[in-house]
Amino acid sequence: MATLRRLREVPRHLLVCEKSNFGHDKSRHRHLVETHYYNYRVSFLIPECGILSKELKDLVMEFGPYYFVKDLPLYELITHEFINSFVKKGSCYALTYNTNVDEDNTVALLPNGKLILSLDKDTYEETGLQGRPSQYSGRKTMRFIVSIDLMDLSSNLDSKKYKRVSWAFKEKKPLKFDFLLAWHQTGAEGSMMSYFSGYGIQEHQPKIALSTTRDLRCPVLRSGLLEGEPEAACSAHKLFDWLGAVFGHADLNNEPYNFVSTYCCPQPSAVVAQASLGTITGFILPERICVLLEQLCRYFDEPKLAPWVTLSVQGFADSPVSWRESEHGFQKGGEHLYNFVIFNNRDYWLQMAVGANDDCPP
């Protein structure tokens with residue numbers, strides 16, 4: 001009965017909302033985007049827009065590429081050649097694919113050169129590496145987190161530390177994973193396709209979905225009223241729920257015969273003649289999201305009917321980190337995401353949401 005009761009409990013979710021202006025010196029918008037490393041879906045909504053501008057459409061269509069490597073030995077990510085070719089010459093991202101962060105061993109390579117391993121108890125003990133208990137292990141520690149600084153590790157290949165890590169991954173406990181890989185660099189030479197050609201690497205492009213919605217009922221928002229005001233403006237919290245329904249293509253008409261969803265647009269609201277929706281799905285780098293955010297900010301350089309646009313970003317549910325190096329767990333949802341509401345006066349709302357097994361967003 002106790003187990004059944006726990007299953008019925010609604011898991012804790014945390015939503016943090018703040019407002020600022022893109023022109024403020026202390027605005028955190030860029031830092032928050034750059035430190036949310038592992039993103040699988042980016043969605044935007046532009047009310048009163050039927051056709052995307054050429055600049056915005058070209059940007060969306062050129063979001064890739066990223067790579068998939070099957071059965072890649074973990075040892076390959078700590079070699080001197082890999083670190084010198086990719087980690088030190090740009091922002092290199094790697095994330096294990098088709099692994100469950102609360103059940104399997106998972107690995108993430110951060111753009112700052114940190115290699116994060118989330119290991120079950122048996123694997124952790126077999127590697128012999130130093131780490132810390134997962135903060136979501138419960139009373140009996142069954143999962144450990146290991147952090148390896150590849151920049152520091154590669155500075156002295158003859159050090160005991162490098163030899164120990166190399167021995168652990170190559171001989172003591174060889175680990176192989178399917179990896180998603182991406183590399184952001186400016187001017188550096190090198191190719192992941194050729195470097196990992198011996199492992200059957202595949203290049204992928206993100207999936208793009210663009211559509212136009214007619215007669216969409218949208219909440220009325222005012223940039224200075226984050227908490228909303230009765231009969232004047234909708235709150236950030238209600239907007240967040242509504243956006244989830246819109247991007248999920250839910251029926252928002254609240255008809256009496258609709259037994260799937262009775263949800264409808266929060267009040268106050270207004271009908272817009274048309275709205276452009278876009279979704280990009282894949283292994284999406286923060287650097288590209290920053291460029292898209294800047295492009296959406298410039299949308300209001302010329303007068304527009306729309307008072308606001310939105311940009312929503314969802315992270316990989318089974319990533320071992322959410323923001324920066326904050327440990328991420330799955331529990332019942334694994335969500336970690338953020339949303340920007342960009343107003344025509346360059347004010348913005350930033351909404352950050354995480355699930356039960358996460359620290360408060362930064």
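None of these values were measured; they are calculated from a predicted model.
For the residue pair Y348 / S27, a side-chain donor-acceptor distance below 3.5 Å is found, with atom types taken as modelled. In summary, the side chains of Q314 and Y338 do not present any donor paired with an acceptor at a separation below 3.5 Å, with no hydrogens or angles considered. If you check the side chains of N156 and D158, you find no donor sitting under 3.5 Å from an acceptor. Side-chain atoms of S118 and R143 form a donor-acceptor pair, as typed in the model, at a separation below 3.5 Å. No hydrogens or angles considered: a donor-acceptor pair under 3.5 Å links the side chains of E327 and S134. E287 and S91 share a side-chain donor-acceptor pair at under 3.5 Å.
With hydrophobic clusters built from ILVMFWY side chains whose heavy atoms lie under 4.5 angstrom apart, I284 shares a cluster with V33. Both Y195 and Y199 belong to a single network of hydrophobic side chains, linked directly or stepwise wherever heavy atoms of I, L, V, M, F, W or Y lie under 4.5 Å apart. Under the 4.5 Å side-chain heavy-atom criterion for Ile, Leu, Val, Met, Phe, Trp and Tyr, I208 and Y40 are members of distinct hydrophobic clusters. There is a path of hydrophobic side-chain contacts, each under 4.5 Å, that joins F86 to L181. Hydrophobic clustering of Ile, Leu, Val, Met, Phe, Trp and Tyr side chains at less than 4.5 Å, counting indirect connections, unites F22 with M352.
For the pair N105 and D120, the minimum side-chain heavy-atom distance is below 4.5 Å. Residues L56 and L296 are in side-chain contact: their nearest non-hydrogen atoms beyond the backbone lie under 4.5 Å apart. Counting heavy atoms from C-beta outward, L45 and L216 have side chains that approach closer than 4.5 Å. A heavy-atom distance below 4.5 Å is not found between the side chains of F44 and S312. Taking 4.5 Å as the limit, every side-chain heavy atom of S43 sits out of range of all side-chain heavy atoms of L311. Contact of the E18 side chain with the R28 side chain is registered, since non-hydrogen atoms from C-beta on lie closer than 4.5 Å. The shortest distance between side-chain heavy atoms of I148 and F169 falls below 4.5 Å. In this structure, the side chains of R41 and T279 come closer than 4.5 Å at one or more pairs of heavy atoms.
When all heavy atoms of T141 and P133 are compared, the closest pair comes out as CG2-CB, 3.6 Å. The shortest non-hydrogen separation linking P174 to K172 is CD-C, 3.7 Å. Scanning all heavy atoms of the two residues, the minimum distance from P320 to V101 falls at CA-CG2, 4.0 Å. Between S269 and R217, the shortest heavy-atom contact is OG-NH1, 3.1 Å. Heavy atoms only, all atoms of each residue included: H36 and L337 are closest at NE2-N, 4.4 Å. In terms of heavy-atom proximity, K19 sits nearest to W349 at CB-CD1, 3.7 Å.
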Inset, instruction - List the steps and the verdict of side chain to side chain contact (heavy atoms under 4.5 Å, CB included) for L239 and L243. - result: CA-CA 6 Å; L239 170 75; L243 282 173; 4.1 Å; yes
Inset, instruction - May I have the step-by-step check of side-chain hydrogen bond (donor to acceptor under 3.5 Å, both in side chains) for N100 and D102, ending in yes or no? - result: CA-CA 6 Å; N100 298 322; D102 54 343; 5.4 Å; no
Legend entry - Stepwise side chain to side chain contact (heavy atoms under 4.5 Å, CB included) test for W242 and C234: CA-CA 11 Å; W242 176 78; C234 179; over 6 Å; no
Inset, instruction - Given side chain to side chain contact (heavy atoms under 4.5 Å, CB included), test V87 with L109 step by step and report yes or no. - result: CA-CA 9 Å; V87 178; L109 173 59; 4.3 Å; yes
Inset, instruction - Walk me through it: do L95 and F179 pass the test side chain to side chain contact (heavy atoms under 4.5 Å, CB included)? - result: CA-CA 6 Å; L95 181 66; F179 274 101; 5.7 Å; no
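Between E55 and R298, none of the side-chain N atoms (NZ, or NE/NH1/NH2) sits under 4.0 Å from a carboxylate O, so this pair counts as no salt bridge. Using a cutoff of 4.0 Å between basic side-chain nitrogens and carboxylate oxygens, K114 and E325 are scored as salt-bridged.
By the 6.0 Å contact criterion, NZ on K170 is open, its count of non-hydrogen atoms from other residues, nucleotides or ligands being 12 or less. Other residues, nucleotides and ligands contribute over 12 non-hydrogen atoms within 6.0 Å of the CD atom of E171. For R346, the CZ atom counts as densely surrounded, since its 6.0 Å shell holds more than 12 non-hydrogen atoms of other residues, nucleotides or ligands. Residue K176 places its NZ atom among 12 or fewer non-hydrogen atoms of other residues, nucleotides or ligands, all under 6.0 Å distant.
For S326 (side chain) and S322 (main-chain N/O), no donor-acceptor pair under 3.5 Å exists by modelled atom type. Not a single donor-acceptor pair under 3.5 Å links the side chain of T96 to the backbone N or O of T99. The backbone N or O of L32 sits less than 3.5 Å from a side-chain atom of W323, completing a donor-acceptor pair. In terms of modelled atom types and a separation under 3.5 Å, the side chain of W308 and the main chain of N344 share no donor-acceptor contact. With hydrogens and angles ignored, the 3.5 Å screen pairs a side-chain donor or acceptor of S194 with a backbone N or O of S191. In this structure a side-chain-to-backbone donor-acceptor pair under 3.5 Å is present from S154 to L150. For Q274 (side chain) and D215 (main-chain N/O), no donor-acceptor pair under 3.5 Å exists by modelled atom type.
Residues satisfying the salt bridge (Lys or Arg N to Asp or Glu O under 4.0 Å) criterion with R30, sequence neighbours excluded, are E34, E294. When the ring-ring contact (aromatic ring centres under 6.0 Å, His included) test is applied to Y37, no partner is found at least two apart in sequence or on another chain. With sequence neighbours excluded, no residue forms a salt bridge (Lys or Arg N to Asp or Glu O under 4.0 Å) with D104. With sequence neighbours left out, K121 forms a salt bridge (Lys or Arg N to Asp or Glu O under 4.0 Å) with E125.
Considering SG of C92 and CG of N112, their distance stands at 11.5 Å, rounded to 0.5 Å. Taking SG of C297 as the reference point, atom NE2 of H29 lies at 6.5 Å (rounded to 0.5 Å). Between the CD1 atom of I280 and the CD1 atom of I289 there is a distance of 8.5 Å, given to the nearest 0.5 Å. Atoms NZ and OG, on K161 and S155 in that order, are 8.5 Å from each other to the nearest 0.5 Å. With rounding to the nearest 0.5 angstrom, the CG atom of N98 is 8.5 Å from the CG atom of L180. Put simply, NE2 on H31 and CZ on R324 are 5.0 Å apart, with the number rounded to the nearest 0.5 Å.
Within the structure, ring pair (Phe, Tyr, Trp, His ring centres under 6.0 Å) contacts touching residues 271-302 (residues at least two apart or in different chains) are F283-F316.
Taking the six-membered ring for Trp and thresholds of 30 and 60 degrees, F144 and Y124 have nearly parallel ring planes, at less than 30 degrees apart.
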Show me the side-chain donor-acceptor pairs of residues 61-74 shorter than 3.5 Å, one per line, residues at least two apart or across chains.
{"from": "K70", "atom 1": "NZ", "to": "D178", "atom 2": "OD2", "distance (Å)": "3.3"}

